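Any value given below was found using the heavy atoms of this structure, including those in side chains, with hydrogens, waters and symmetry copies removed. A quick note: this is a predicted structure, and the numbers were derived from the prediction, not measured. Chain A is the first sequence line, chain B the second, and so forth, proteins listed ahead of strands; every chain is numbered from 1.
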Amino acid sequence: MGIAAEAIKDFKGFNLKNMPEVEPLSPGHRACQGCGEILALRQAMKALGNNVIVCSSTGCMEIVTSPFPQTAWNVPWIHVAFENTSAVVAGVEAAYKAMNRKGIINQPDVTFLAYGGDGSTADIGIQALSGAMERGHNFIYICLDNEAYMNTGIQRSSSTPWGAATTTSPVGKKSKGQSTWKKDMPGIAVAHNIPYVATASPAFPVDLMNKVKKASMIPGPAYLHFYSPCPTGWRCGGEESVAVARMAVQSKVFPLYEVIDGQYVLSRKVAKPKPVADYLKMQRRFRHLTETDIQMIQERIDADYAELLKKCGVEA
Amino acid sequence: MAKETGIMSWKELELGVAVTKPGSAGELRTGDWRSMRPVTDYDKCTKCGQCYIFCPDMVYKKNAEGYYEANLFYCKGCGICAKECPVSCITMVQEGD
Amino acid sequence: MGKRIGVEVSIAAAEAVALANVDVIAAYPITPQTHIVEHLSELVADGHLDAEFIPVESEHSAMSCCIGSSAAGARTFTATSSQGYALMSEICYIASSMRLPIVMTVANRALSAPISIWNDHADLMMSRDTGWIQTIAENGQEVIDLTFHAFKVAEDHRVLLPVQVNLDGFTLSHMIEPMNMPDKAEVDAYLPPYKPVLRLDPSKPVTFGPVGMPDIYTEAKMAQDQALRNSKAVIIEAWKEFGDKFGRYYKPVETYKTEDAETIIISMGSISETAMTAVDHLRSQGKKVGLARIRLWRPFPGPELFDAVKGAKNLVVLDRAMNFSGGDSGIVAAEVKSILFDQNHHPNVRNFFVGLGGRDVTVQNFEEMVEKASTNGGKPVPYEIINVRE
Amino acid sequence: MVEIRFHGRGGQGAVTSAELTALAAIGEGKFAQAFPSFGPERRGAPVMAFVRVSDTPIRTREKVYEPNIVIVLDPTILKIVNVEAGLKEGGIVILNTTKTAEEVRKETGIKARLALVDASKIAVETMRVPITNTTMLGALLKATGLISMDGLRGPIEHRFGPIAEKNIKACTRAFEETVVEG
């Protein structure tokens, strides 16, 4: 049994009827109405509880939780810059390791969490993240993927899906929006041979919280990729956040899986997948796409999902 | 009061402008953002907890009988709870003047 | 008492950091700083130093790790140089703004392009306004002593700012020379364990690095500026205590034969020793020449420097980094002229750029500069680059 | 103050020679500096290293332009570098060579006093490697008396650990075999 499997073998899991009451992230934060990103972060924090140190990259989740003189954080939290949160958390983790060993403190059970958006994770911060994962620090990294730079006004990132309109991948006579396919960040994390990688969605809160809790129990780096709907940037109603997130899973656009000690495990098989078109039409960032475009996306999604099923050893 | 509003002398700042009162954002009435407000029909409610776990603003809290009550001090009126409620017991109603 | 050792100055710097019982080191190799972090990693590997050595993937991450570590409450060190400093500089501003007592050794080196691994003060001058306390060593002994002093000052609750100890790359970092390395007990008596005021601790949650809107940013910068200004008294006090304990006394500005000097050279770093030899030589010819050396660069010791040079008719001000202001003065000269203006004092100031990108600075160069300064009749002239080929 | 310039090829130990010389002097209570010529040279390229030794504190950071002593670790260097450049009046050039003083003068035009030793042979025979750094220090001892064998022992032991004895042996043998012009 690998170290991750060993660490989580007795884990029981959360259930909806009996959620922990703890809210390390307090209300009063300034996220948009219906923000799916802070919803995912809130669920994650509930799973982690209070014995945690949080390192935030620059982004929506930093700006909406920390305007001076208030903080929405009930746990220690630090923001330094955009691209370096993985390095900051590495420093915090190393400091705790050294100070515990030297008897300066006696706090061996603290969890170290770093989070950033998709721009922070897949673009500007990928080097620091890669370094921290490669060095094996004991931390959890959460990518809150809302598929563009939302904090600065909806610019494209390498995690923006093909065809999405953003302010720097606009639709025009010669453009259909984003011209590249979404970067496979979880795949990049897996390539670092870390003990735990998982994808999760706030539309499936128990699954998300279980994965966060497991990540905290496993020694070494854990990478979690959260689908984080942004009604403002995706141009859908605030009340739609959870529905879009659910549809993303049901249409195979955002499959839920874990990679435990390098072994892929499908979290839920999409038995009767909804058409990708149903997902796309919920968001006005895709409204310019033609049927041919959508068909091409559907084929790509089908192929990626088939590949994932193969990795998970599940029959199509 | 100065410390709550942030209008303060440089001499009053904590080291590096740190904030030493955890969760102090809880003082902010984000309910002011709302134009629609959720109303729960407890006759229909099954205490399933979906409204609680899907609320981005930690508005819902379980009461003594197990029902989830909305704290409108924070509710921004996004309507996720109404949309997600499996028995449609929450409705969004227009805020009055 | 310590013991007399002969060792490369970079190795001595690392040994001093180890004697300071540092908890976390995060560093990336860059010439000519590399030997410092190599030796620290050896000390950790051999069990001589109980610390976490984080071999980060960039200098940007080195400083970021240091911020995390220092904010967590650990005594934290890194070292860098040149391009490495340029890469981490974004985060250096944040370290001082967050009031984190990180100590960093900078083996000073020129900036690209063309790429030059050799010594000048381009990185020091680039970093001068990052809010860090900055001291500059003249020799290996000072590198050791300033390292202990750096931790002492940085962690003082009246200061709580990061400190950068500068040493000339190669000309000092790669020099083998005799030094006195203090005993562990002596260092422990001078440098108490670090006690953070605020730290990342789940039992007492603090939010570090919040958003500062326009109604507080000005106050934040005022508080930071005051902290740097107030640090000078503590810096001087810590040098006094160091002298009383170790017998080596330091000041923000060091003078050599300035009492009756008509011409005073103002310099920084290890070339000051060459300057002293030039002073001796010129004195033997009956020329009244002296030297003022800036050891504390930030906070800038304006009054101390003025006191040191106010008696001279001619000032030879050395700049060791090319700055592209389009004006008539290098950075050091501009600082010096600013003090003189404030004091309504008008000596003849000659500004020379020397030792760029490892160009050797010789005794003869100093003699030429002194000669030029004392014979141009006091009329203002723009800076001059020494030894530049036409 | 005595100033020394070492010539060698990258990887041959010119820098180590310079370091050991300074360390020996410091160990004997003197003041000394040792530093390489800070270039991008890699293994095989001609390199230099410098040493200053003095009874009083050394207060200069200039490069060494006018050495009292020049030491050449590799005989082939003589063909490509003017090793006598800047040598002070009365200075000495210490060479690793199989040749006689006359042959050397004829081939290189060196006018200064010479000290000669076949260091490569000694190094190979004693240590099985043609690395002449410690060997040439034996020649330095013999030719100048600037440092002592006792003073060198500590730095060599510290530097070479288990192979220190072989190095000391090579050094001692070079001391014996070096021919110094009167």
Side-chain angles (χ1 to χ4, degrees), chain A residues 24 30 49-56 58 62-99 101-105 107 109-112 114 125 127-132 134-135 137, chain C residues 21-26 28 44 50-58 60-76 78 88 90-91 93-95 97-98 100 102 193-196 198-213 215-217 219-220:
Chain A
R30 303 181 195 200
N50 283 329
N51 198 16
V52 60
I53 294 173
V54 182
C55 301
S56 172
T58 309
E62 170 252 335
I63 220 131
V64 303
T65 59
S66 77
F68 185 86
Q70 277 96 13
T71 176
W73 292 93
N74 285 312
V75 291
W77 180 91
I78 183 169
H79 160 252
V80 180
F82 196 4
E83 66 284 38
N84 67 348
T85 185
S86 304
V88 174
V89 79
V92 175
E93 184 255 9
Y96 264 73
K97 213 165 153 187
M99 292 192 297
R101 191 175 62 228
K102 293 169 94 166
I104 298 167
I105 58 170
Q107 297 173 286
D109 302 320
V110 178
T111 297
F112 307 98
Q127 174 180 316
L129 172 61
S130 174
E134 174 272 325
R135 293 191 301 270
H137 295 277
Chain C
N21 193 19
V22 70
D23 300 315
V24 174
I25 302 142
Y28 186 81
V44 171
D50 188 359
E52 285 295 307
F53 182 90
I54 315 176
V56 281
E57 80 295 335
S58 77
H60 194 282
S61 284
M63 187 48 61
S64 302
C65 270
C66 285
I67 285 188
S69 164
S70 188
R75 183 171 284 172
T76 304
T78 187
M88 67 162 59
E90 179 204 13
I91 308 304
Y93 282 91
I94 300 173
S97 302
M98 293 178 92
L100 297 170
I102 298 159
Y194 172 41
K195 296 266 182 261
L198 296 173
R199 73 177 197 94
L200 291 167
D201 176 0
S203 67
K204 202 171 175 240
V206 176
T207 286
F208 284 113
V211 178
M213 288 188 283
D215 58 11
I216 204 64
Y217 186 84
E219 284 69 25

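Among C/Cys66, C/Ala26, C/Pro55, the residue making the largest number of heavy-atom pairs under 4.5 Å with chain A is C/Pro55. Ranked by non-hydrogen atom pairs under 4.5 Å with chain A, the options C/Asn21, C/Asp23, C/Ile91 are led by C/Asp23. By number of non-hydrogen pairs under 4.5 angstrom with chain C, the leading residue of A/Arg101, A/Glu93, A/Glu134, A/His137 is A/Arg101. Contact tally against chain A (heavy-atom pairs below 4.5 Å) for C/Val206, C/Asp50, C/Val24: the top residue is C/Asp50. When A/Ala132, A/Gly131, A/Ala94 are compared by the number of non-hydrogen pairs under 4.5 Å with chain C, A/Ala94 comes out ahead. Counting heavy-atom pairs closer than 4.5 Å to chain A, the top-ranked of the candidates C/Pro193, C/Ala72, C/Ser70 is C/Ala72. Between chain C and the options A/His79, A/Lys102, A/Met99, heavy-atom pairs under 4.5 Å are most frequent for A/Lys102. Listed options C/Gly73, C/Ala74, C/Ser69 were ranked by heavy-atom pairs under 4.5 angstrom with chain A; first place goes to C/Ser69.
Within the 4.5 angstrom heavy-atom criterion, only side-chain atoms of A/Gln107, from C-beta onward, approach chain C. In this structure, the portions of A/Glu62 lying under 4.5 Å from any heavy atom of chain C include both its backbone and its side chain. At a 4.5 Å heavy-atom cutoff, the contact between A/Ile104 and chain C is made by side-chain atoms alone. At a 4.5 Å heavy-atom cutoff, the contact between C/Val22 and chain A is made by backbone atoms alone. The contact between C/Leu200 and chain A is made by backbone and side chain atoms together, counting heavy-atom distances below 4.5 Å. Using a 4.5 Å cut-off between heavy atoms, A/Val110 touches chain C through its side chain atoms alone.
No side-chain heavy atom of A/Ser130 sits under 4.5 Å from any side-chain heavy atom of C/Glu57. Side-chain contact between C/Met63 and A/Asn84 is absent, with no heavy atoms from C-beta onward closer than 4.5 Å. Contact annotation: the side chain of A/Val75 never approaches that of C/Pro202 to less than 4.5 Å [non-hydrogen atoms, C-beta and beyond].
Note: C/Ser58 OG to A/Glu83 CD = 9.0 Å, rounded to the nearest 0.5 Å. A distance of 12.5 Å separates CD1 of A/Ile78 from CZ of C/Arg199, quoted to the nearest 0.5 Å. Remark: A/Leu129 CG to C/Ser61 OG distance equals 10.0 Å, nearest 0.5 Å. Note that the OG1 atom of C/Thr207 and the CZ atom of A/Phe68 stand 11.0 Å from one another [nearest 0.5 Å].
Listed for the A/Ser66 side chain is a donor-acceptor partner under 3.5 Å among the backbone atoms of C/Val211.
Across C/Glu90 and A/Ala81, no two heavy atoms sit closer than the pair OE2-CB, 3.9 Å. Nearest heavy atoms, C/Val56 versus A/Arg135: CA-NH1, 3.4 Å. Taking each heavy atom of C/Glu52 and A/Ala98 in turn, the nearest pair found is CG-CB, 3.8 Å.
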